[in-house]
Amino acid sequence: MLEPALYVVATPIGNLMDMTPRAVEVLQQVELIAAEDTRHSARLMAHFGIDTRLVSVHEHNEHQRIETIVHQLQSGASVALISDAGTPLISDPGYVVVNGVRAQGFRVVPVPGCVAFIAALSAAGLPTDRFVFEGFLPHKTSARKQHMKSFVDEPRTIVFYESPHRILASLKDMEEVFGGERVVAVARELTKTYETIRSDRLSDLIRWMESDSNQQRGEFVVLVHGAILEGGPKLDAVALHTLDILLAELPASQAASLAAKITGLKKKVLYQAALDR
Ligand code: SAM
């Protein structure tokens, strides 16, 4: 028997095997599931043999749904919140409900699982010690470029979500704003059949994507390497990765010296990068 609470349950981002046993158990045991799109989630429910009642909760009815959910919790029942894919509230509805339910003194319990951008960060080879998650970029190119400009000097890895309709246009805007030398990774169709993770200089990445229209299909996470050494020479992802490994074991000066021997880059540049990191 579940303790009465709102359970925020992550679901897979493609591969159904990523559904956790705990997620299945919670969805089976709650009295009500608030789902972003009930028809979409009905397929997931059928796959896992879950027959709990579903109600919709999306960006247009979140405020009204607080009342329904609180009413259930007051009667001692439990409720789960799910979105179409991944973790609710992450570029998905749910914030209003979670905030409202907490404000009324009820427990909110996370049941963690997939998040597309965490999966992308874990495999793309860009620095993950510090990053900023920006979610979706504006749809219109002028607003998009304006938004990107605020990250030109951002030293942390910058993470975006993007759709297949805008992926190429967004990468081209990035090239204008960040320059073609900036290392960028695209993580496409994660956990699905056509999963592709490619990290390269932006200009080469665009050329590669343009040459194969299949690479423009599906769902995307875009990771932009943080800015390095203002005005100075740019270090690529491999050089930084090498430096990071050495920095884990050695003081900055020794790490820079060894990294210079390995990469052929200037020690001064690597030392400054080591200090920045
Ligand atoms: N709540 C989700 C999460 O936890 O990641 C994100 C939902 S958001 C509406 C959908 C966006 O997430 C997609 O447009 C894409 O940018 C990203 N995304 C979701 N699934 C993905 C996948 N399998 N591969 C790559 N990106 C994915």
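Just so you know, ligand 1 is whichever comes first in the structure, and atom 1 is the first atom listed for that ligand. What you see below is based on every heavy atom in this structure, not just the backbone, and it leaves out hydrogens, waters and symmetry mates. The model shown is predicted, which means the values in this text are computed figures rather than measured ones.
With 3.5 Å as the limit, one finds no donor-acceptor pair spanning the side chains of H139 and R144. A side-chain N or O of D92 and one of S83 form a donor-acceptor pair less than 3.5 Å apart.
At a threshold of 4.0 Å, the pair R217-E189 does not count as salt-bridged, since none of the basic side-chain nitrogens sits closer than that to a carboxylate oxygen. E176 has no carboxylate O lying under 4.0 Å from a charged side-chain N of K149, or vice versa, which leaves the two without a salt bridge.
Protein residues having at least one heavy atom under 4.0 Å from any atom of ligand 1 are I13, A85, G86, T87, I90, S91, D92, C114, V115, A116, F136, Y161, E162, A187, E189, L190, K192, E219, F220, V221, listed by chain and number.
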Taking distance alone, no hydrogens or angles, what donor-acceptor pairs closer than 3.5 Å link side-chain atoms of residues 115-138 to residues at least two apart or in another chain?
residue: S122; atom: OG; partner: A119; partner atom: O; Å: 2.7
residue: E134; atom: OE1; partner: H147; partner atom: NE2; Å: 2.8

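Side chain of S170 to main chain of I167: no donor-acceptor pair is present (N/O by atom type, distance under 3.5 Å, no hydrogens or angles).
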